[in-house]
Amino acid sequence: MIRARLLANGQEFDWQGQTSGIWVDAQAATDTELAQLRAAFPLNRLALEDVLEVGHWSRAEQYPEHAFITVRSYARPDTDDEFTERLSIFVFSDAVLTLSSHGTLALAQVWPMANGREALNSPHEVTYELLDHTADTFFTLADTLEAQVDKLEERVFRNEQKNPVADVFELKHLITQARRLANEAREATVLLSRYATATPADLVRYRDVQDSFTRAVNRFEGLREYLTSLLDLHLSLQSQRMNEVMRTLTAVSVIFLPLTFLAGVWGMNFEHMPELRSPFGYAFAWSSFLLIGGLLAAYFKRRGWW
Amino acid sequence: MIRARLLANGQEFDWQGQTSGIWVDAQAATDTELAQLRAAFPLNRLALEDVLEVGHWSRAEQYPEHAFITVRSYARPDTDDEFTERLSIFVFSDAVLTLSSHGTLALAQVWPMANGREALNSPHEVTYELLDHTADTFFTLADTLEAQVDKLEERVFRNEQKNPVADVFELKHLITQARRLANEAREATVLLSRYATATPADLVRYRDVQDSFTRAVNRFEGLREYLTSLLDLHLSLQSQRMNEVMRTLTAVSVIFLPLTFLAGVWGMNFEHMPELRSPFGYAFAWSSFLLIGGLLAAYFKRRGWW
Amino acid sequence: MIRARLLANGQEFDWQGQTSGIWVDAQAATDTELAQLRAAFPLNRLALEDVLEVGHWSRAEQYPEHAFITVRSYARPDTDDEFTERLSIFVFSDAVLTLSSHGTLALAQVWPMANGREALNSPHEVTYELLDHTADTFFTLADTLEAQVDKLEERVFRNEQKNPVADVFELKHLITQARRLANEAREATVLLSRYATATPADLVRYRDVQDSFTRAVNRFEGLREYLTSLLDLHLSLQSQRMNEVMRTLTAVSVIFLPLTFLAGVWGMNFEHMPELRSPFGYAFAWSSFLLIGGLLAAYFKRRGWW
Amino acid sequence: MIRARLLANGQEFDWQGQTSGIWVDAQAATDTELAQLRAAFPLNRLALEDVLEVGHWSRAEQYPEHAFITVRSYARPDTDDEFTERLSIFVFSDAVLTLSSHGTLALAQVWPMANGREALNSPHEVTYELLDHTADTFFTLADTLEAQVDKLEERVFRNEQKNPVADVFELKHLITQARRLANEAREATVLLSRYATATPADLVRYRDVQDSFTRAVNRFEGLREYLTSLLDLHLSLQSQRMNEVMRTLTAVSVIFLPLTFLAGVWGMNFEHMPELRSPFGYAFAWSSFLLIGGLLAAYFKRRGWW
Amino acid sequence: MIRARLLANGQEFDWQGQTSGIWVDAQAATDTELAQLRAAFPLNRLALEDVLEVGHWSRAEQYPEHAFITVRSYARPDTDDEFTERLSIFVFSDAVLTLSSHGTLALAQVWPMANGREALNSPHEVTYELLDHTADTFFTLADTLEAQVDKLEERVFRNEQKNPVADVFELKHLITQARRLANEAREATVLLSRYATATPADLVRYRDVQDSFTRAVNRFEGLREYLTSLLDLHLSLQSQRMNEVMRTLTAVSVIFLPLTFLAGVWGMNFEHMPELRSPFGYAFAWSSFLLIGGLLAAYFKRRGWW
Ligand SMILES: [Mg+2]
Ligand SMILES: [Mg+2]
Ligand SMILES: [Mg+2]
Ligand SMILES: [Mg+2]
Ligand SMILES: [Mg+2]
Ligand SMILES: [Mg+2]
Ligand SMILES: [Mg+2]
Ligand SMILES: [Mg+2]
Ligand SMILES: [Mg+2]
Ligand SMILES: [Mg+2]
Ligand SMILES: [Mg+2]
Ligand SMILES: [Mg+2]
Ligand SMILES: [Mg+2]
Ligand SMILES: [Mg+2]
Ligand SMILES: [Mg+2]
Ligand SMILES: [Mg+2]
Ligand SMILES: [Mg+2]
Ligand SMILES: [Mg+2]
Ligand SMILES: [Mg+2]
Ligand SMILES: [Mg+2]
Ligand SMILES: [Mg+2]
Ligand SMILES: [Mg+2]
Ligand SMILES: [Mg+2]
Ligand SMILES: [Mg+2]
Ligand SMILES: [Mg+2]
Ligand SMILES: [Mg+2]
Ligand SMILES: [Mg+2]
Ligand SMILES: [Mg+2]
Ligand SMILES: [Mg+2]
Ligand SMILES: [Mg+2]
Ligand SMILES: [Mg+2]
């Protein structure tokens, strides 16, 4: 599907190969449509290869024919699924061409805005607005992931039996991915503003969107560090519980092993065991048990074992 | 609320749209006030967006219309709460405009100082003074956090049962946040001095305040590393205590399990157990117990188990 | 073996020392052949040393006589074996010379393509195409290794007894190697494009292949980080199982040690033990056993030990 | 206290405000003395603030009025105490002014050397010599700390019970501090040589002292890494001992639990237990004990448990 | 000892202060010899200090009088001992002077080669050749250390009782040292080629030797990372063995503690225990033992504990 707008007043029209003063948007372009676009615009071969390669990452380049940027972002940033989408922008001196497989969130927002209003009627202004809305999707995702980190934090602090490690692992992987994508988008924007032949006002805009991507990167980075700390805390709490378990086992064993031994001694069948005959023997035995057990318990109490 | 001062002599006056030789300060500006400011000063749209966005971080930019810096700092650095505030400064060639939602600590200190005295009567001098006082709030916070780290250190060295890990976790998070804010303020200052059209004397001042932010960053960094070492020390002491517990359990088990077995043997009911009839049987049994137990105890003693 | 093609139309011919407008490819060159090449082309001595040194890594240099790049890549990237191969390219202003010990995957693909078609008939275009196909072998390897990481992940999540650590270790080593080779290839390409006397169109091509190598590096880096997280997850799951084992041991010991002690007490042979004669003694004993055991079991149940 | 020397011949004289061809040294300057110095020399206000601020770190700046460097170093580097001192140097084109609270080790060494000899009679030469002697104090400290690391290493290898972790913690903190101070001194020197208006011969000298500070930094860095490895070794040895303890406990338990059970069985009071009446019953019991115990012991022996 | 060669034809001759067209080599120079050298050559004072300081590290500087490089390397790289040596080279426009305390491996190899042959008859060519042979000693050392890492790897995989941690610790320290020395040599070479007044051909040579040092650094870095992984693997295998030990202990305890309790119960001396009189009591007891023990064993079997 190919659609086009005049940059000057935003009016949509049926594209027939015009190449000046317009924004052309092609989604899921067929081979015929691609051929039309190549006939109308001098599209660099390497740029087009990047556009068509499934899974390509964010990248920018100043080709002799045009500036070029392709940016990968998340398709559903308000959920935690990993589905991504990509928008490629060809910036000519008097036209802008956007290519994508099924459109992106940013494109869906900016296309209706381009109704000829000021600050959205030059190729670089359109590019800036698209990148700025792309950056916003990363902020949405950061909010989504932050909410999940908060839930995990609560679980760790409530010290539940259910192990949070596998969930931390999954979430960390998501965050690392998001950080990588945001960083790649940032670097592409940096390259675009470094090499593209843009006015000072355009450069200020590109630095603004770079700053947005950088803030997104830093939020993801902060979330990742927080998650790492959270995992350390969980492991430490788990290890502390383990210590308590071992202290319990040791204290009970140390108290009852000697007592059981003594009971075993007085259960031996030697014929000559004078104390067995004494009328106070049994009372003496229980006194020994209580004394020894009590002393050991007091000792562990004083060492702070419970 | 909008208030204004003459830069030359510090005199306050009722601002009616003047734009030269003055410092205008607007706090919690209403829409009407914002419109007045925009009418008087050529405020860059992107800069204003950053000012109005809640939660924006520290940033600087040289816009065609003016230099701009916005700096986030702590509102109550003498406590450990995380509440932050932000001051935005528009630096024109002959005027300075400060915007904030409720003022900041630095602003409250510098506004009364601007009574026309030397070194505080040009836009860049006002900016420097505001940034310098902002940097001081980070030093105050570093003192606050240092005191808390010292308390935690004492707890770890006193080797209390109460687990310090959750507190270390909270404090580390605070310090990491503070480090990030100080670093972002530093980078904004670096950018301001790199791009702003300032005199060599202004640049020397900005490098001075950069140095202050850098020192703050390094103090937080040092605190964080110290906290990490402290946690390692705690874990190591805990693990050592665990080892002692296990050694106790093992020694007691190894001594009493054989003895209990022997007592069990002599408690068996076989008819033909000659030693049970011997008048010295019982004495022999106790001698065995003492000998075996003593040998094992001596062995553990020599291995240094207690 | 020495073979040659005309760059203009790709025609193969029998090389007799021609040095202009051609691509000469020498594989497993004999001393005689090397002497012929040195006689025809001004090959830099240091470059030739690098070519002939077994095990040399990727490197590029602009010698006074020619540009030079040598790139090491994997010979069988669709398997996980570590076998590598190397291709050395001498780029003259009007000729290109490739040297290798037994050819490489990239060479085998590009040689037949060089049939005079556009974008493959200058020395730098041949070099670009060879490097681009070399970069592709790293993507193939990344796919191979990704599949293996996935298998390991499944094993960890299924929580098998069979320890995955040794396999993680082997795979991590492979990935680290691959990351290093891809990174060295990238750096060589960067150096080639920085120093070589190439046209802007050549530079755009070299940046494209740099970007490919960078993506390969980042995929390997991502795989390595993922593997590290996976290992942490395994260790954490293992440690959790260990905790369960210890809890089981402790609970069973804490329940049965006191009961066994009590049974031992009532098995003692004192003559005066009134409860032994009571007709309800045995029932009382069992009641005690069940009560004590039940209380302890309920206590552990409430602490969530099973 | 203010004292002064002629740079040309090193002669000391009573300073009365002279500002050319001299080295003025002020220690613990009173307010009056400071006023005298400010009257004589154009001291930059920001530089003076840094000088007077207690606890300021190393820093250099090229002020419009003069070059300036302030360097913090250790007061007693031959001991391991943390006491530091600081020397501030104002470098004018024809005079040098040094300020400190109580002098420093370097100052005490260089002041007597400045007797007019070559290579010590210009402001930059004096500055170089002071910095060079300051760098030497870091080498002394590195020797001191190295000796302590060696002692700790011996303790770890002798595998003493006394836990070295707290000492490692203290020493690591000291080394980290020292590394930071040396690094800050190095960076100040780098800045001084980058901005100061110095001759090529001066620059060569400054690079020499930078190199000294870098070597100090790297020695501290090396010590810290060594200490980290040492701690890992200690933890690993401790964990190994723990393993041995657990193996001992397990082996003894696994051998004696079944034997004790068997003895308990034959100690039961059932009326119909034929083997109890057999004349070979007791011998058979002991044979069982020895056989079972021996088999289990052999099994553990073969598994290498002792 | 001082010896000299003509650079043009390599002829050795008795040095009497000549300073042009020659290579002078001084080893273990006496004070007299040093004075002779200083009289003949304008040796920079700071360079000479570095030469004479015992333990100085690798460094290069372009002094006004001459270029200078001093490189520390291993004296016996085919063994794993830590003994190092150092060679200092003064590069004049028409002469080269080498100083060392007892010669170095590289010097011993290059001196006889300097027989006037091409590519070894200018000061920079001699310097290059010396540095190149020095780099080779690091490759030899890398081979030596690689062989030791391989041995340790085998030990870890054979899973021996003998703890490899102390050996890993020693070897890691050696490798870290080697990496540092190689890196310092590399940086010195970089500095030499950056500042020295050398021809393009000389610069290509210096970049070649830099590349060699970089490869050495990376081999040591790779070895260190491998060793770290190996240690992790060992710890993981050790921890797994520990888990098996604990599972054994727990299973045996959980099976035999209840059985021993039951045997104790039937060993009690209550008068009214009806089952003791039953003719099937003993058989019932054994049936209980086997049933309970069997069920528990089956349970552990199913949980995969052995
Ligand atoms: Mg990463
Ligand atoms: Mg990345
Ligand atoms: Mg970041
Ligand atoms: Mg990172
Ligand atoms: Mg970061
Ligand atoms: Mg971090
Ligand atoms: Mg770590
Ligand atoms: Mg940051
Ligand atoms: Mg950070
Ligand atoms: Mg820092
Ligand atoms: Mg620092
Ligand atoms: Mg850090
Ligand atoms: Mg740091
Ligand atoms: Mg650090
Ligand atoms: Mg690496
Ligand atoms: Mg990377
Ligand atoms: Mg990394
Ligand atoms: Mg990375
Ligand atoms: Mg640091
Ligand atoms: Mg360092
Ligand atoms: Mg280093
Ligand atoms: Mg380092
Ligand atoms: Mg470091
Ligand atoms: Mg390191
Ligand atoms: Mg290092
Ligand atoms: Mg490296
Ligand atoms: Mg590397
Ligand atoms: Mg590295
Ligand atoms: Mg490293
Ligand atoms: Mg690494
Ligand atoms: Mg680690």
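The chains referred to below are lettered A, B, ... by the order of the sequence lines, with proteins before strands, and numbering in each begins at 1.
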With a 4.5 angstrom heavy-atom cut-off, is it the side chain or the backbone of [X] that approaches chain C, or both, or neither?
X	result
A/Glu187	neither
A/Arg59	side chain
A/Phe289	side chain
A/Asn269	both
A/Ser278	backbone
A/Met273	neither
A/Gln177	neither

Self-check item: Residues C/Arg205, C/Glu125: salt bridge by 4.0 Å N-O rule
Solution: yes
Exercise. Determine, step by step, whether C/Glu153 and C/Val156 satisfy the side-chain contact (heavy atoms from CB on, under 4.5 Å) criterion, reporting the C-alpha distance in whole Å, the side-chain angles of both residues, the deciding distance to 0.1 Å, and the verdict.
Key: CA-CA 5 Å; C/Glu153 187 189 1; C/Val156 167; 5.8 Å; no
Quiz item: Closest heavy-atom contact between C/Arg277 and C/Glu271?
Solution: NH2-O, 3.0 Å
Practice problem: Would you name the heavy atoms of A/Ala47 and A/His66 that are closest together and state the gap between them? | Solution: CB-CE1, 4.0 Å
Practice problem: Select, from A/Glu275, A/His56, A/Glu49, the one with the greatest count of heavy-atom pairs under 4.5 Å involving chain C. | Solution: A/His56
Exercise. With a 4.5 Å cut-off on heavy-atom pairs, point out which of A/Ala285, A/Ala283, A/Gly281 contacts chain C the most.
Key: A/Gly281
Is it the side chain or the backbone of [X] that comes within 4.5 Å of chain A heavy atoms, both, or neither?
X	value
C/Glu244	neither
C/Pro258	both
C/Phe139	neither
C/Leu203	neither

Exercise. Verify whether the ring centers belonging to A/Phe41 and A/Phe92 lie closer than 6.0 Å.
Key: yes
Exercise. Could you check C/Val204, C/Val209, C/Asp211 and say which one makes a side chain to side chain contact (heavy atoms under 4.5 Å, CB included) with A/Leu46?
Key: C/Val204
Practice problem: Going by the side chain to side chain contact (heavy atoms under 4.5 Å, CB included) test, name the single residue among C/Thr176, C/Leu227, C/Leu223 that passes it with C/Leu171. | Solution: C/Leu227
Exercise. Under the salt bridge (Lys or Arg N to Asp or Glu O under 4.0 Å) rule, what do A/Arg180 and C/Glu221 come out as? Steps first, then yes or no, please.
Key: CA-CA 11 Å; A/Arg180 192 160 295 174; C/Glu221 180 73 19; over 6 Å; no
Quiz item: Taking C-beta and beyond as the side chain, do C/Arg155 and C/Asp167 meet within less than 4.5 Å on heavy atoms?
Solution: yes
